[in-house]
Peer 1: 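This is the structure I have questions about; it appears just below.
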Amino acid sequence: MSQTALPQRPNCLVSTGSILIDLPLKVARFPKAGSAVTALSNGTKVGGGYTIARATASQQVPVALASTLGTGPNSALVRASMLRDGVENVVQELVGDIGTCTTLIEPGGQRTFITTEGVESEPQLEDLENLKLVPGDYVHAAGYDLVHQRTREGISQWLSTLPAGVQLVVDFGPAVVDILDRILLKIMARADIITGNRREIDQLRARLGGVELMYRAAPNAMFVRRIGSAGCELLLPDHGQPTLVSGYPMSVTDTTGAGDTHTGVLIASLLKGYSVLQSARRANAAAALMISQREDNHAPSAEDIDQLLREAGDTESLAAI
């Protein structure tokens, strides 16, 4: 008697980045010590690692959230967003609540962050180890969790031992200068995609002593160097010249979340079968839409991206090859 084959689930993204509640405040200038400024606020937003999850889910791709939530009102805001976006939680909650991030945004987009800490700094490693990952899944990790004393050891160990065929995407962010050498090198050795803005990738290259040493530290990784309205550069594992993928210049309303949106749409597009170049173009389009959008905290949908691509005459990125 033959056995009935179990249906294989679709590949998904597992996001491990800590989640915070963001309070963006637009200010005319950064306040001097002891002074006061008036800020413009559009209310709180679910931020931190959730921006990646939201952007990926907006492309109709399965997303699992492996970030610790609590029992308080901040965590309730996250769960409401998860319900709306179709994101699944795969780790247990803890008594308490997640922290907050107050962001001062100056004219020109310069941002300064003030964070408070909560249960997001207590990763549920047993739950992570019990996840049934399969080849073709993507796992995303953020640099802040590789710096924090309470998260870096467990998270880095789990990430470095992911099953073969599971794609590890890392965004070291501004924390690239603070991650311990042994953790940085351990994660880079396992990474499949390392993404960051121009400054962050340049800091990583300088820290390691040059581009060849950066390649040597991450022999299997594609580097994605985001360069604002100009798009992004891809540094492929073949160690050839960087490939420039042009962007879609738009009027800037707010740059908050643009980098994470770029990464989320890049991952989603790869999961949907788009080529690397197509995925980078779609990610560039998503970031452009994100910085120009009305303040509704929503990631651009696949239809939004398709429309921008059509308007730009880029029909090659509309359908997966």
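Residues: numbered from 1 along the sequence shown.
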Peer 1: Is there side-chain contact between I201 and E233, with at least one heavy-atom pair below 4.5 Å?
Peer 2: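 I201 does not reach E233 side chain to side chain.
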
Peer 1: Nearest 0.5 angstrom please: D22 CG to K45 NZ, how far?
Peer 2: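 It comes to 8.0 Å.
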
Peer 1: Do Y138 side-chain atoms and A268 backbone N/O form a donor-acceptor pair below 3.5 Å?
Peer 2: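 Not confirmed, Y138 side chain does not pair with A268 backbone.
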
Peer 1: Are D202 and R199 within salt-bridge range, i.e. N to O under 4.0 Å?
Peer 2: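 Salt bridge between D202 and R199, a charged N being under 4.0 Å from a carboxylate O: no.
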
Peer 1: Determine whether L309 and Y248 make a side-chain contact, defined as any pair of heavy atoms from C-beta on separated by less than 4.5 Å.
Peer 2: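 Of all side-chain heavy-atom pairs linking Y248 with L309, at least one is under 4.5 Å.
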
Peer 1: Test your reading of the model: is there a side-chain donor-acceptor pair from S18 to the backbone of E120, 3.5 Å cut-off?
Peer 2: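 Flag set: sc S18 to bb E120 pair under 3.5 Å.
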
Peer 1: Looking at T68 and P123, what are the two nearest heavy atoms and their distance?
Peer 2: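 For T68 and P123, the tightest heavy-atom pair comes out as OG1-CA, 3.7 Å.
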
Peer 1: Donor-acceptor check, side chain of Q278 to backbone of A319, threshold 3.5 angstrom: yes or no?
Peer 2: yes

Peer 1: Would you say V170 ends up clustered with V177 if hydrophobic residues are merged whenever their side chains have heavy atoms under 4.5 Å apart, either directly or through other cluster members?
Peer 2: yes

Peer 1: Where is the tightest heavy-atom contact between A53 and L65, given as atom of each residue plus distance?
Peer 2: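 Minimum heavy-atom separation between A53 and L65: CB-CD1, 4.2 Å.
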
Peer 1: Do you know which two heavy atoms are closest between E93 and R79, and how far apart they sit?
Peer 2: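 Between these two residues, the closest heavy atoms are OE1-NH2, 2.7 Å.
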
Peer 1: Cluster question for you: counting only ILVMFWY and a side-chain heavy-atom cut-off of under 4.5 Å, with indirect links fine, are V61 and V276 together?
Peer 2: yes

Peer 1: Give the C-alpha distance, both sets of side-chain angles, the deciding distance and a yes or no for side-chain contact (heavy atoms from CB on, under 4.5 Å) between Q167 and L270.
Peer 2: CA-CA 11 Å; Q167 303 293 299; L270 291 169; over 6 Å; no

Peer 1: Sub-3.5 Å donor-acceptor pair from the side chain of T151 to the main-chain atoms of D145, do we have one?
Peer 2: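 Yes, because the side chain of T151 sits within donor-acceptor range (under 3.5 Å) of the backbone of D145.
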
Peer 1: Just how far is it from atom CD1 of I227 to atom SG of C232, taken to the nearest 0.5 Å?
Peer 2: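 If we round to the nearest 0.5 Å, I227:CD1 and C232:SG are 7.0 Å apart.
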
Peer 1: State which residues pass side chain to side chain contact (heavy atoms under 4.5 Å, CB included) with N220; sequence neighbours excluded, sorted by chain then number.
Peer 2: none

Peer 1: Check this for me: E117, atom CD, are more than 12 non-hydrogen atoms of other residues, nucleotides or ligands nearer than 6.0 Å?
Peer 2: yes

Peer 1: Report yes if the side chains of M188 and L208 come closer than 4.5 Å at any heavy-atom pair, otherwise no.
Peer 2: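 Yes - at least one pair of side-chain heavy atoms lies under 4.5 Å apart.
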
Peer 1: Hey, are the side chains of Q59 and I305 touching, using non-hydrogen atoms and a 4.5 Å cut-off?
Peer 2: yes

Peer 1: Between D85 and S58, is there a donor-acceptor pair closer than 3.5 Å when you use the side chain of the first and the backbone of the second?
Peer 2: no

Peer 1: Looking at side-chain heavy atoms only, is the closest gap between R205 and L213 below 4.5 Å?
Peer 2: no

Peer 1: Start with the C-alpha gap between Q307 and E303, add the side-chain angles, then the distance that decides, and say whether side chain to side chain donor-acceptor pair (under 3.5 Å) holds.
Peer 2: CA-CA 6 Å; Q307 181 178 344; E303 291 74 18; over 6 Å; no

Peer 1: Under a 3.5 Å distance rule, please check whether N74 uses its side chain to pair with a backbone N or O of I98 as donor and acceptor.
Peer 2: yes

Peer 1: Rounded to the nearest 0.5 Å, what separation is found between the CG atom of L180 and the CG atom of L185?
Peer 2: 10.5 Å

Peer 1: For the pair D178 and R152, find out whether any cationic side-chain nitrogen is under 4.0 Å from an anionic carboxylate oxygen.
Peer 2: no

Peer 1: Side chains of residues 259-267: which donor-acceptor pairs under 3.5 Å do they make with residues two or more places apart or in other chains?
Peer 2:
{"residue": "T261", "atom": "OG1", "partner": "G257", "partner atom": "O", "Å": "2.8"}
{"residue": "H262", "atom": "NE2", "partner": "N284", "partner atom": "OD1", "Å": "2.8"}
{"residue": "T263", "atom": "OG1", "partner": "G259", "partner atom": "O", "Å": "3.2"}

Peer 1: Output the distance between atom CG (L277) and atom CD (E316), rounded to the nearest 0.5 Å.
Peer 2: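 Spacing of CG (L277) from CD (E316) equals 9.5 Å.
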
Peer 1: Would you say the side-chain atoms of R282 pair up with the backbone N or O of S317, donor to acceptor, closer than 3.5 Å?
Peer 2: yes

Peer 1: Following the transitive rule for hydrophobic clusters with a side-chain heavy-atom cut-off under 4.5 Å over Ile, Leu, Val, Met, Phe, Trp and Tyr, establish whether L23 and Y144 coincide in one cluster.
Peer 2: no

Peer 1: Which heavy atom of L271 sits nearest to which heavy atom of C12, and what is that distance?
Peer 2: CD1-C, 4.0 Å

Peer 1: So which heavy atom on P163 is nearest to which on L133, and how close?
Peer 2: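 That would be CD-CD1, 4.2 Å.
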
Peer 1: Mind checking whether L128 and I155 have side chains closer than 4.5 Å, heavy atoms only?
Peer 2: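 Result yes, sub-4.5 Å side-chain heavy-atom pair found.
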
Peer 1: Does the side chain of L234 reach to within under 4.5 Å of the side chain of V224, using non-hydrogen atoms?
Peer 2: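 The answer is yes, as the side chains (C-beta and beyond) meet within the 4.5 Å cut-off.
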
Peer 1: For T71 versus V95, what's the shortest heavy-atom pair and its separation?
Peer 2: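 In this case the closest contact between T71 and V95 is OG1-CA, 3.7 Å.
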
Peer 1: Side chains of Y215 and P237: does their closest heavy-atom pair fall under 4.5 Å?
Peer 2: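 Answer no - side chains too far apart.
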
Peer 1: Is there a donor-acceptor pair under 3.5 Å between the side chain of R226 and the backbone N or O of A258?
Peer 2: no

Peer 1: Rounded to the nearest 0.5 Å, how far does CD of E106 lie from CZ of R29?
Peer 2: 10.0 Å

Peer 1: Cluster question for you: counting only ILVMFWY and a side-chain heavy-atom cut-off of under 4.5 Å, with indirect links fine, are Y274 and L289 together?
Peer 2: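 No; L289 is not reachable from Y274 via cluster members.
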
Peer 1: Measure from the side-chain N and O atoms of S67 to the backbone N and O of G17, and report whether any donor-acceptor pair falls under 3.5 Å.
Peer 2: yes

Peer 1: Between D192 (side chain) and V169 (backbone), is there a donor-acceptor pair under 3.5 Å?
Peer 2: no

Peer 1: Pair I194, L204 - check side-chain contact (heavy atoms from CB on, under 4.5 Å), show working.
Peer 2: CA-CA 10 Å; I194 296 174; L204 177 62; 4.3 Å; yes

Peer 1: Take Q124 and N130 through the test side-chain contact (heavy atoms from CB on, under 4.5 Å) and record every step on the way to the result.
Peer 2: CA-CA 10 Å; Q124 304 300 287; N130 288 332; over 6 Å; no

Peer 1: What is the distance from atom OG of S15 to atom CD1 of I52, rounded to the nearest 0.5 Å?
Peer 2: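 Rounded to the nearest 0.5 Å, the OG-CD1 separation comes to 6.5 Å.
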
Peer 1: Just checking E311: does its CD atom have more than 12 heavy atoms from other residues, nucleotides or ligands closer to it than 6.0 angstrom?
Peer 2: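 Above 12, so yes.
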
Peer 1: Taking it one step at a time, do L184 and R207 satisfy side-chain contact (heavy atoms from CB on, under 4.5 Å)?
Peer 2: CA-CA 11 Å; L184 179 73; R207 176 174 177 178; 3.7 Å; yes

Peer 1: Can T100 and T116 be said to form a side chain to side chain donor-acceptor pair (under 3.5 Å), step by step?
Peer 2: CA-CA 5 Å; T100 62; T116 64; 2.8 Å; yes

Peer 1: If Ile, Leu, Val, Met, Phe, Trp and Tyr residues are connected whenever their side-chain heavy atoms lie under 4.5 Å apart, and connections chain through other members, are L159 and V176 in the same group?
Peer 2: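 Cluster IDs for L159 and V176 match.
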
